[in-house]
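What you see is a predicted model; the values in this text were computed from it and never measured.
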Amino acid sequence: MARAAAFLAATAAVILAGCASRPVRVVDTEGGALARSVEAEDSHIAADPALAPAGAPPPDDRPLLFVVAEPEWAAREILDEEKRGEILFTLRERTYRYLLRSYPHPARARWAYLDADPVTRGYRVVHVRSRVAEARGGSALARYFIGFGAGASKVRLEGELLEGEDGARLLGRFAVEASNGGYTNWGNNFSVLKDSYTLKYAVDEAVARFASEMTLLLPPPPADESQAPGAEFATAQSEP
């Protein structure tokens, strides 16, 4: 009985440790205007110290164009090249998707900047460069048999935001961590036994958090309702 109680106590401790999250601060370099507490992992977005005293870039009402560069793998190579490529693809695709969720129309995203693109002429260009700085596979058996955060895979993403067509001006840097153990579906999902599978979920969480908090550093310009999709149709419908 004593051994069983000790085992249950240890299991509970592992579960609680896996579920716990540390409060973090998303701050500028002076701990000023961007300071805010959130329930997340060890993450931050920091403005470049050369910016305005408040840490925010000067006002700019131009619509935003995000150029999502191909990410890099800077972590220890715990997976083969193909699996690393899948995770990097997930990182780039989710960055593209979640930035467009955080920034409303007429913000746009591209894989590369083309000066000749007539659609994005006059846009404020922001290059997003990212890399996997750390990747830990966790414990496959703990994920499958215990769950609730035990054995979760963990990633740390780092990167920079660079403004201008050539990305010459540093806007800020970011670092975000997330962990995920996948979803066992009551033992029916054997994919959680693969580190590459759960690392993709961790990347998804990290990018979603980064895209949400990035609006503190780079506020979206005021929305122009006349440019919203369907605005012309709505105006035509309202005419007598």
Could you tell me whether a side-chain N or O of [X] sits under 3.5 Å from a main-chain N or O of [Y], the two making a donor and an acceptor?
X: H127; Y: E165; result: yes
X: D117; Y: L114; result: no
X: R94; Y: E205; result: no
X: R92; Y: V68; result: yes
X: T215; Y: S212; result: yes

Quiz prompt | Qualifying ring pair (Phe, Tyr, Trp, His ring centres under 6.0 Å) pairs, either residue in residues 81-104, two or more places apart | solution = F66-Y103, Y96-W111
Does some side-chain heavy atom of [Y] sit less than 4.5 Å from a side-chain heavy atom of [X]?
X: Y113; Y: V125; result: yes
X: N189; Y: Y197; result: yes
X: E158; Y: R173; result: no
X: V176; Y: E213; result: no
X: E163; Y: L218; result: no
X: L162; Y: L171; result: no

[X] and [Y]: which non-hydrogen atoms are nearest, and at how many Å?
X: T198; Y: N180; value: CB-O, 3.7 Å
X: G122; Y: P63; value: O-CD, 4.4 Å
X: A116; Y: R121; value: O-NH2, 3.8 Å
X: A211; Y: L99; value: CB-N, 4.1 Å

Exercise. In sequence, state the C-alpha distance, the side-chain angles, and the governing distance for L161 and V128, and then conclude on side chain to side chain contact (heavy atoms under 4.5 Å, CB included).
Key: CA-CA 5 Å; L161 306 174; V128 183; 4.0 Å; yes
Quiz item: Would V132 and L199 satisfy side chain to side chain contact (heavy atoms under 4.5 Å, CB included), going step by step from the backbone distance to the final call?
Solution: CA-CA 11 Å; V132 177; L199 280 169; over 6 Å; no
Using 0.5 Å steps for rounding, measure from the [atom1] atom of [X] to the [atom2] atom of [Y].
X: I78; Y: R84; atom1: CD1; atom2: CZ; answer: 9.5 Å
X: L100; Y: R108; atom1: CG; atom2: CZ; answer: 9.5 Å
X: D61; Y: R124; atom1: CG; atom2: CZ; answer: 10.0 Å
X: T120; Y: L64; atom1: OG1; atom2: CG; answer: 12.5 Å

Quiz item: Should we count CZ of R129 as having more than 12 external heavy atoms under 6.0 Å?
Solution: no
Validation: residues 135-147 side-chain donor-acceptor distances under 3.5 Å, sequence neighbours left out:
residue: R136; atom: NE; partner: E134; partner atom: OE2; Å: 2.5
residue: R136; atom: NH2; partner: E134; partner atom: OE2; Å: 2.6
residue: S139; atom: OG; partner: A142; partner atom: N; Å: 3.2
residue: R143; atom: NE; partner: V192; partner atom: O; Å: 2.8
residue: R143; atom: NH1; partner: G137; partner atom: O; Å: 2.6
residue: R143; atom: NH1; partner: G151; partner atom: O; Å: 3.0
residue: R143; atom: NH1; partner: S153; partner atom: OG; Å: 3.3
residue: R143; atom: NH2; partner: V192; partner atom: O; Å: 3.0
residue: R143; atom: NH2; partner: D195; partner atom: OD1; Å: 2.8
residue: Y144; atom: OH; partner: G187; partner atom: O; Å: 2.7

Quiz item: What pairs meet the side-chain hydrogen bond (donor to acceptor under 3.5 Å, both in side chains) rule with one or both residues in residues 63-81, with sequence neighbours excluded?
Solution: none
Self-check item: Check against side chain to side chain contact (heavy atoms under 4.5 Å, CB included), M214 and F174
Solution: CA-CA 9 Å; M214 197 177 109; F174 64 88; over 6 Å; no
Quiz prompt | Common cluster, L193/Y201, ILVMFWY with side-chain heavy-atom separation under 4.5 Å | solution =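 Yes, because L193 and Y201 connect within a single hydrophobic cluster, where side-chain heavy atoms sit under 4.5 Å apart.
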